[in-house]
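If you read the sequence from its start, that first residue is 1, and numbering goes on from there.
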Amino acid sequence: MTTPTPTPGIHHVTCIAGDPQQNLDFWVETLGLRLAKRSINQDDPSTYHFFFTDAKGTPGTSMTFFPWSDLPQGKVGTGQVSRTAFRVPNGSLDYWEDRFDQYEVEYDDRVGRFGETVLPFRDPDGLPVELVAVEIPEDDPTVPWDEFVPEKHAIRGFHSVTLWEADPQPTEDLLQTMGFEEVGTEQSAGDDPADERTRFAARGPVGKYVDVLPTIESSRQGRGTVHHVAFQTPTDEDQAEMRNAVQSQGLRPTNQINRHWFRSVYFRESGGVLFELATNGPGYDSDEPLDELGERLVLPGQFENRREEIEAGLPDVTIPRADSAEADD
Ligand code: ZN
């Protein structure tokens, strides 16, 4: 077996939400991410698929949601991505606590982890999210979207995901196969049920880390839980190599699936977390001009022929706009 090209890090994280308007309002207005793509669940076209990113839809910045209004509340537990963390510039956590007070967001006390400060909070569906203050490099690939949050405080893509695993070892072996290197283990801080957190780092700088915690906690997929995490395999060749490598570990990756803005391979890692490998191209601006991302409902491929029927089956939503919101700086 040839060693695959190491993944640069996380590509996107896909989650389950409830009400689509509430989801849009929170992730666009409160958190200040850009709605880069408004589409449908390609496996269930009666459901939206929202993509929230930086200003350019840079790989490693997109948090995506399937809003299913009637789905029961989920429960975060073993075999899931338990926490999704985003990078914010050093010095901006005071701004975020003030903003969370203003928007009545549920947040916890800051905690220290691996020398960084973490601000844990929950989205309106109860999804656990964290902001981590980091030094943003001069040549950072992310581009802040400043429609609702000033550039100097804006979210700059993923920091990490935390996996809760009944048996961490096979997952840790897999991460190393994928090119992550073990950083170390320390006492877990925050509201995690386990007391040990082992960190793995990819090249980064965006979506650089995966933390693994040994955890036995019942779980149920539903509103407020993560559906899957995708890792960057920038080219088809990188992806094919990685697919072979995970297959040779006894996992069962799908064939490549065309997801229109990227091409994907899916597999469940040994602890049950759904992993995806996603190419960087063609990208979110391959079917809409960059300055119009998210404006219209995009229906990939054959779904365009069914536009009328699909639009009629989707709830109406309004995309938050800074000029119609209360002034905020
Ligand atoms: Zn995905």
Phe275 vs Phe267, test: ring pair (Phe, Tyr, Trp, His ring centres under 6.0 Å). Steps then yes/no.
CA-CA 5 Å; Phe275 276 18; Phe267 59 96; 5.8 Å; yes
Begin with the C-alpha distance, continue with both residues' side-chain angles, and end with the deciding distance and a verdict on side-chain hydrogen bond (donor to acceptor under 3.5 Å, both in side chains) for Asp98 and Gln102.
CA-CA 6 Å; Asp98 289 347; Gln102 184 192 345; over 6 Å; no
Run the side-chain hydrogen bond (donor to acceptor under 3.5 Å, both in side chains) test on Lys75 and Ser218 for me, step by step, so that the C-alpha distance in whole Å, both residues' side-chain angles and the decisive distance to 0.1 Å come before the verdict.
CA-CA 8 Å; Lys75 184 174 181 300; Ser218 69; 3.3 Å; yes
Can Leu297 and Arg307 be said to form a side chain to side chain contact (heavy atoms under 4.5 Å, CB included), step by step?
CA-CA 9 Å; Leu297 180 73; Arg307 177 171 284 273; 4.0 Å; yes
Where do Val81 and Val273 land on the side chain to side chain contact (heavy atoms under 4.5 Å, CB included) test, with the steps shown first?
CA-CA 7 Å; Val81 172; Val273 183; 4.0 Å; yes
Could you walk me through whether Leu174 and Val246 pass side chain to side chain contact (heavy atoms under 4.5 Å, CB included), step by step?
CA-CA 7 Å; Leu174 171 67; Val246 304; 3.7 Å; yes
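Using cut-offs of 30° and 60° on the angle between ring planes, the pair Trp261 and Phe51 is perpendicular. Note: Phe100 and Tyr107 have tilted aromatic rings, judged against thresholds of 30 and 60 degrees for the angle between ring planes. Ring geometry for Phe121 versus Phe26: interplanar angle of 30 to 60°, hence tilted.
Minimum heavy-atom separation, Pro20 to Phe50: O-CE1, 3.6 Å. Shown here for Ile40 and Pro300, the closest heavy-atom pair between the two residues is CG1-CD, 4.5 Å. Summarising the geometry of Glu151 relative to Pro144, their closest heavy-atom pair is CG-CG, 3.3 Å, with the distance given to 0.1 Å. Shortest non-hydrogen contact noted between Phe158 and His11 is CE1-O, 4.2 Å. Among all heavy-atom pairs drawn from Ala278 and Ala230, the shortest one is CB-CB, 4.4 Å.
Between the Arg156 side chain and the Asp140 main chain, no donor and acceptor come within less than 3.5 Å of each other. Proximity of a side-chain donor or acceptor of Glu181 to a complementary backbone N or O of Ala202 within less than 3.5 Å is not detected. In terms of modelled atom types and a separation under 3.5 Å, the side chain of Trp68 and the main chain of Asp19 share no donor-acceptor contact. Of the possible polar contacts, one joining the Ser39 side chain to the Val298 backbone as a donor-acceptor pair under 3.5 Å is found. The backbone N or O of Gly184 lies less than 3.5 Å from no partner atom in the side chain of Glu182, so there is not a single donor-acceptor pair. Although no hydrogens or angles enter the test, the distance criterion places no donor-acceptor pair under 3.5 Å between the side chain of Arg252 and the main chain of Arg268. Counting only distance, with no hydrogens or angles, the side chain of Thr7 and the backbone of Gly9 share a donor-acceptor pair below 3.5 Å. Although no hydrogens or angles enter the test, the distance criterion places no donor-acceptor pair under 3.5 Å between the side chain of Thr177 and the main chain of Leu175. Panel note: side chain Arg259, backbone Arg263; no donor-acceptor pair is recorded below 3.5 Å. Not a single donor-acceptor pair under 3.5 Å links the side chain of Thr58 to the backbone N or O of Thr61.
Using modelled atom types and a 3.5 Å distance limit, the side chains of Glu241 and Thr5 yield a donor-acceptor pair. The closest side-chain donor-acceptor pair between Arg99 and Thr30, if any, does not fall under 3.5 angstrom. A donor and an acceptor atom, one from each side chain of Glu116 and His159, are located under 3.5 Å apart. Under the 3.5 Å distance criterion, with hydrogens and angles disregarded, no donor-acceptor pair is assigned to the side chains of Glu165 and Thr78. Side chain to side chain, Glu196 and Thr185 fail the donor-acceptor criterion of an N or O pair below 3.5 Å. Side-chain polar atoms of Tyr48 and Asn23 form no donor-acceptor pair below 3.5 angstrom. The closest side-chain donor-acceptor pair between Ser46 and Asp44 falls under 3.5 angstrom. In this model, a donor atom of one side chain and an acceptor atom of the other lie less than 3.5 Å apart for Gln239 and Gln256. Gln21 and Asp25 form a side-chain donor-acceptor contact under 3.5 Å, judged by distance and modelled atom types alone.
Listed by first then second residue, pairs satisfying side chain to side chain donor-acceptor pair (under 3.5 Å) with a partner in residues 117-128 read Trp27-Asp123, not counting sequence neighbours. Counting only residues at least two apart or on different chains, the salt bridge (Lys or Arg N to Asp or Glu O under 4.0 Å) pairs with a member in residues 273-294 are Lys37-Asp287, Lys37-Glu288.
Thr142 pairs with exactly one of Val206, Ile155, Thr53 by the side chain to side chain contact (heavy atoms under 4.5 Å, CB included) rule, that one being Val206. When each of Thr64, Asp43, Asn41 is checked for a side chain to side chain donor-acceptor pair (under 3.5 Å) with His49, only Thr64 meets the rule. Among Phe231, Tyr209, Phe200, the one residue that satisfies the ring pair (Phe, Tyr, Trp, His ring centres under 6.0 Å) test with Phe180 is Phe231.
Side-chain contact check for Ser264 versus Leu277: every heavy-atom pair is 4.5 Å or farther apart. Taking the side chain as every heavy atom from C-beta outward, Met63 and Leu127 approach each other to under 4.5 Å. Side chains of Lys56 and Arg34 form no contact here, defined as non-hydrogen atoms less than 4.5 Å apart. Counting only heavy atoms from C-beta outward, the side chains of Gln221 and Ile16 approach each other to under 4.5 Å.
Using a 4.0 Å cut-off between a side-chain N of Lys or Arg and a carboxylate O of Asp or Glu, Asp211 and Arg83 do not qualify as a salt bridge. Salt-bridge check for Glu295 with Arg321: passed, with a basic side-chain N closer than 4.0 Å to an acidic carboxylate O. Contact check on Arg110 versus Glu130 returns no salt bridge, with no Lys/Arg side-chain nitrogen under 4.0 Å from an Asp/Glu carboxylate oxygen.
Annotation: His227 is not in aromatic contact with Phe65 [ring centroid separation under 6.0 Å not met].
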